[in-house]
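A quick write-up on the structure given underneath.
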Amino acid sequence: MYNNPSAVAGGGALAATGLLTGNLLWAFLAAFAMIALGMAVMRTIPRSER
């Protein structure tokens with residue numbers, strides 16, 4: 001099983017496709033979290049009155 005190069009190559013190809021979609025999902029979630037954090041910080045900063 002572990003000495004079979006074709007099984008390793010096939011598993012690597014499948015893992016690479018799953019890795020790409022997983023990274024896109026995490027990037028989207030991280031971007032959403034950063035935007036939410038920025039909006040929360042902006043709400044807590046007092047605005048100057050003119």
Side-chain angles (χ1 to χ4, degrees):
M1 176 178 169
Y2 294 109
N3 293 329
N4 188 355
S6 63
V8 174
L14 291 175
T17 57
L19 188 66
L20 177 64
T21 57
N23 281 346
L24 291 175
L25 175 65
W26 283 113
F28 174 75
L29 291 175
F32 178 77
M34 289 296 134
I35 292 171
L37 177 65
M39 291 175 68
V41 168
M42 291 301 291
R43 282 196 305 265
T44 60
I45 296 175
R47 297 184 181 206
S48 60
E49 297 180 9
R50 291 185 175 180

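In what follows, every heavy atom counts, from backbone to side chain, and hydrogens, waters and symmetry copies are set aside. For clarity, every value in this text was computed on a predicted model and none was experimentally measured.
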Quick one: hydrophobic cluster around M34, which other residues, with the 4.5 Å side-chain cut-off, linked directly or via members? none

Listed by chain and number, what are the side-chain contact (heavy atoms from CB on, under 4.5 Å) partners of L29, not counting sequence neighbours? L25, W26

Joining Ile, Leu, Val, Met, Phe, Trp and Tyr whenever any side-chain heavy atoms lie under 4.5 Å apart, the cluster holding M39 also takes in I35

